Structures are given as C-alpha cells and as structure tokens.
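Inspection log for the structure reproduced underneath, given as structure tokens.
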Amino acid sequence: MFKKGEMRELFDSLFAKSWPMWVGGILLAVLNILLFVVKYPWGSSSGYTNIGQNLFQFLDINSLGTTVPIKLHTVALLNIFIVVGAFIASLFSKEFGIRVAPIGELIKGFIGGALMGIGATVGAGCTIGGFFTGVAALSCGALALAVGFAIGTFVALRYLLWEMEALPKISSGKSFTFLAGTGKKTGWQRWLGWVLIAAVLYLVSTYTSKGNAMKVMGWHVLFGLLFGMILQRSRYCIVRAFREPFMTGEATAPVAVIISILVALVGFTVFKYFGVGNSSELAFRAIEMKAVYANFWLRALIGGFIFGLGMTMAGGCAVGTLWRAGEGHVKLWMSAFGFVVMAPVSRLFIVPFVKGILPESMQKMLFLPDILGYTGAVVLVLLILLLWYWFVKWNERTGKFSAL
Amino acid sequence: MQVDQSLNCIGLSCPMPIIKLNKAIKSMESGEVLEMIGSDPGSKSDVPAWCNKTGNIFLEQTEDNGAFKFYIKKQ
C-alpha cells in the first residue's frame, strides 16, 4: 500500500516544521467561510462570556443570570476545542511544554485577559468575530474596532518597553518548563495526541447521532479542533499583525492577516449577495447582517482600544490566548481565566453604562453595502487593505514606526 | 564558542523574549556573543528574523528538552 516511510513523510510535512503564517491564514479563512453556512461565521468572545457565565453559575453566583450550558453553545465549543486542537498539534510537533512564566508575567496575563473581556463586550467584538470576520463581512464597526486595536496596541507596547527599563523585575524571577516535548524520549506525546484525536471524533459522533440541532454542535467541535491545529502550526497571531509594525517592523503577520481577510471577503460577499441559505425576505436580511454589530463608531473604538491594551499585555488575542494555552503557556492560561471572569461581569455592569452614555449615532449597526452598494463596499475594503499593506511594507523598509 | 553574556527567557512568551533580547544586545559591545535561553517555540523563528532585521549575526541554535539556546553576535 505505502512504502516504508511515506506516511512518516506526510506526518512530518505537517508537524516537523511551522507553516508560514499566511498558509494558516488562508486555511482559517476557508473554515470561516464554511462556518458562515453551517451557522454563523467565526467569533470567540461570546464563547468566553458563556464559559464565564457557566462558571459563575457553577459557583452559585446567580446574579449574573442563567445561561446556555457550554455543551450547547457553539462559540464556547469552538473555543474549548481550539485549545484541544492546539494541544494535539503541539504534542504532534513536540512543541508542547508547560511553561511557567515569572509571577509578574502571570499577573500581566490575567490583567490582559480581563481587559480583553471588558474590551470585547464594550466594543461588541474581538479580533476574530469583530475584526477578521467583521471586515470580511463588510461591517462598518469592524473598521472602527481596527483603529481602536491599533491605538491600544501602540500604547500597551510603549508600556511594555517602559516596564523593561523601569521595572525589569516583573518579567524576571523564577520560571520553569515541564513535560517539554523535544528530544527522542517523548514518544508518549505523539501517542497522547492520537488518543485525543480519537476521543474528540467519538465526541463528534455522539453529537451527530442526536438530530439536526446537535449535528451543528458536533461540527463546531470538529471546526474547533481544526482551527486549533491550524492556529498552532502556523502560529497565526492577530496581536502580531497590529504590534509588529510598531515593534520590530516586520510585515509577515499583517500580510498574513490581510490575506486571510481577502479570502474570507470573497466567500462572505458571495453568501451575502446571493443570500445563500435564505428562504424568505427576512432570512435574506439576517444573512446580510451576519457579523455586523451595533458598535459604529465610538463604541467600537473604545472597546477596541481596551481590547488592544489587553491583548498586547497578555501576548495573545481572544484566539491567540486559546492556542497558546493549548501549547502550555501558563501566562495565557491566566489570560483565558481573566477573560472568562471579566466578560460576563462587564456585559452586565459596564456595557449598559457605556451604551447609556453614548448617543445612538455613535453605536450604529452599519452594513457598508447599505451605504455604498456591494461594489462600493468591496472596493472600499480592498482599498483599506491595500493601504494597510502599503503602510506595513513601507514601515518594514524604513523602520519609521518601529521601536526596536 | 566564547559566550560574553547569557540571557534567561525560560517560561516567557511572545513578545517578552524579543524585547529582552533587544535590551540585552544594546548593552553589549560589537563582536560580543550573547547566549539566549528560552522555551517559547515561537522564538525559533522570531530570533533569526529579529537578527536579520537588525543586522546582528545569528550564529547557532540548539534544542534540549524544551529549552532552546540561541547564540547571537552583536554587529
């Protein structure tokens, strides 16, 4: 059937070396397009909120309201299985290891996660559902979120550089690595990876055998697994896309994100334009408005700024936190914990306040084609992406905005 | 290889290793060699890319039980 070593070759081509980030970007965009038709395009922060609500409920803190159980929440399932998928991919590639950062870093992780929890709920979107999906879905608020992310990232990076000079102790001190997977003795890591793959597939089959609604849940488990593996292998990172121009000046990450938005833009626009899956006028509009939220412009700008601060402190956005947590970075476990705890609290106490003080005109639900038509909207998004590309390449060459 | 300075980045994740590396290199003399020890798999591509960008010379990389060692010569 196969010659000796051929299966090994296939395995190594996937797991021996990291993939270029843009390859991951294309694959993530394709999965995102598929998710659009399965139920709703890719997002992450509402999953954190759901997990947090369930946690508070479990602890008998019921003032935060009751909620859907995690096993019936598609985004929470995606989040959990992104961690599992990244864990499996890092076991296969022998990159798993429990990495305990110094205590100061762990605290920064928690604060970063908490800020992301506030930012994502206030701005009605994170880097994934609000930005990556949002821009491709022709949402006006997504563009305002991006501006907020850029400002927040810039400020937090300045803080990190200042901290390195003024308070170097925060990032120094006792740190450890356990169960690391390099070397020859770690065959158990790969076996554990296979066992987990089998367990996840079994779980998918238990969902899909229970009728149509549960089939969708089962597919989200599978999507989460694939997202997690692709994210870990390509080290796809939206924080880098916003931070690198201001730090090292490298354009690799922003270019990868631009490519993934372009691919998703094609798929989403086709689905929205033709109303794929619609059965009535009402359903057609609901499909058009997928991933468009009531946050344009100041609401998204404020939320994006807070989120940008948080993701840069934590060193991972909503999804960057998940796949790095799966790879074993304890700082990102703290970030996920901060996000989960803070998102439901912010949703209940901070968001109503912000929505109350902002005028309606600053938290609009705006779909670009409603103003510019489909052609105008797509051309505008393409121009913005082109401008972003020009900026990062020019900055890579000249280093005008890079701190290092 | 003669190592002039050593930098411990065990447990740290992106972007802290690169920020620390940048600071450490700044304090060194041209021609000196820095040994950086880290545990973030991201450093495997980040450190050579940073060297490439800043003109410092990436000498060698070794890997042992989850710890990566990078040797960098200041330009």
Side-chain angles (χ1 to χ4, degrees), chain A residues 17-18 21 90 93-102 105-106 108-109 157 160-161 163-165 168 170-183 185-186 232 235 237 239-240 243-244 247-250 252 312 314-316 320 324 327-332 396 399 402-404, chain B residues 3 5-30 32 34-75:
Chain A
K17 267 207 264 177
S18 282
M21 203 192 283
S90 63
S93 55
K94 296 195 175 184
E95 289 182 337
F96 179 74
I98 296 180
R99 302 165 175 103
V100 189
E105 284 295 304
L106 299 182
K108 264 159 66 187
L157 179 62
L160 289 181
L161 296 171
E163 178 203 285
M164 190 56 66
E165 298 301 325
I170 291 183
S171 55
S172 320
K174 283 200 169 139
S175 56
F176 315 91
T177 307
F178 303 109
L179 299 172
T182 46
K185 286 183 193 162
T186 44
Q232 198 276 339
R235 308 194 78 77
C237 182
V239 183
R240 290 184 84 107
R243 186 192 61 214
E244 284 321 283
M247 199 172 117
T248 61
E250 280 173 69
T252 327
T312 308
R324 285 189 182 84
E327 201 180 68
H329 299 274
V330 177
K331 181 183 177 187
L332 282 308
E396 186 177 52
S402 334
L404 302 192
Chain B
V3 172
Q5 202 177 319
S6 188
L7 175 68
N8 178 14
C9 293
I10 293 281
L12 294 179
S13 56
C14 185
M16 302 314 283
I18 293 293
I19 295 183
K20 282 203 157 190
L21 170 61
N22 189 69
K23 186 187 172 192
I25 283 279
K26 270 190 183 157
S27 69
M28 294 169 67
E29 301 287 331
S30 178
E32 286 187 328
L34 175 79
E35 173 193 60
M36 174 187 161
I37 309 165
S39 63
D40 179 8
S43 296
K44 286 188 284 184
S45 53
D46 289 354
V47 174
W50 177 85
C51 289
N52 195 22
K53 192 87 186 41
T54 52
N56 293 293
I57 299 155
F58 184 76
L59 297 173
E60 200 190 357
Q61 173 189 330
T62 63
E63 200 168 330
D64 180 37
N65 264 326
F68 309 107
K69 286 186 182 173
F70 304 96
Y71 297 91
I72 299 134
K73 191 177 187 177
K74 177 162 180 175
Q75 177 73 304

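Chain A is the first sequence line, chain B the second, and so forth, proteins listed ahead of strands; every chain is numbered from 1. In this text the structure is predicted, and so the values were computed from the model without any measurement.
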Practice problem: Tell me, with the steps shown, if A:Met21 and B:Ser45 meet side-chain contact (heavy atoms from CB on, under 4.5 Å). | Solution: CA-CA 11 Å; A:Met21 203 192 283; B:Ser45 53; over 6 Å; no

Under a 4.5 Å heavy-atom cut-off, does chain B meet the side chain of [X], its backbone, both or neither?
| X | answer |
| --- | --- |
| A:Ile98 | neither |
| A:Ser172 | both |
| A:Lys17 | neither |
| A:Glu163 | side chain |

Quiz prompt | Spacing of A:Met247 atom CE and B:Asn22 atom CG [to the nearest 0.5 Å] | solution =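 With rounding to 0.5 Å, CE (A:Met247) is 8.0 Å from CG (B:Asn22).
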
Quiz item: Just how far is it from atom CG of A:Leu404 to atom CD1 of B:Ile19, taken to the nearest 0.5 Å?
Solution: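 Between atom CG of A:Leu404 and atom CD1 of B:Ile19 there are 6.5 Å.
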
Quiz item: Tell me, side chain or backbone of B:Lys20 under 4.5 Å from chain A's heavy atoms, or both, or neither?
Solution: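 Both parts, backbone and side chain.
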
Quiz item: When B:Asp40 is tested against each of A:Glu327, A:Arg99, A:Arg324, A:Glu95 for side chain to side chain contact (heavy atoms under 4.5 Å, CB included), which residue passes?
Solution: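 Of all the options given, the one that passes is A:Glu327.
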
Quiz item: Do any of residues 49-60 of chain B come closer than 4.5 Å to chain A, heavy atom to heavy atom, and if so which ones, in number order?
Solution: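 Under the 4.5 Å heavy-atom cut-off, B:Ala49, B:Trp50, B:Lys53 qualify.
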
Quiz prompt | Ion pair A:Arg240/B:Asp46, N-O distance below 4.0 Å | solution =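 Yes, charged N to carboxylate O under 4.0 Å.
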
Looking only at non-hydrogen atoms, find the nearest pair between [X] and [Y] and report the distance.
| X | Y | answer |
| --- | --- | --- |
| A:Gly315 | B:Pro15 | CA-CD, 4.5 Å |
| A:Ser171 | B:Leu12 | O-CD2, 3.8 Å |
| B:Asn8 | A:Ser175 | ND2-OG, 4.5 Å |

Exercise. Specify which of A:Glu250, A:His329, A:Arg235 makes the most heavy-atom pairs with chain B at under 4.5 Å.
Key: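 Highest number of heavy-atom pairs under 4.5 Å: A:Arg235.
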
Quiz prompt | Stepwise side-chain contact (heavy atoms from CB on, under 4.5 Å) test for B:Met16 and A:Lys108 | solution = CA-CA 12 Å; B:Met16 302 314 283; A:Lys108 264 159 66 187; 3.4 Å; yes

Self-check item: Interface residue of largest heavy-atom contact number with chain A, from B:Gly11, B:Cys9, B:Ser13, B:Gly42, under 4.5 Å
Solution: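 Of B:Gly11, B:Cys9, B:Ser13, B:Gly42, B:Gly11 has the most heavy-atom pairs under 4.5 Å with chain A.
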
Exercise. Evaluate the side-chain proximity of B:Lys23 to A:Pro168: yes if any heavy-atom separation is below 4.5 Å, no if none is.
Key: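 In short, these two side chains touch, coming nearer than 4.5 Å.
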
Quiz item: Does B:Lys73 NZ have over 12 foreign heavy atoms under 6.0 Å away?
Solution: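 For B:Lys73, atom NZ is not crowded (no more than 12 foreign heavy atoms under 6.0 Å).
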
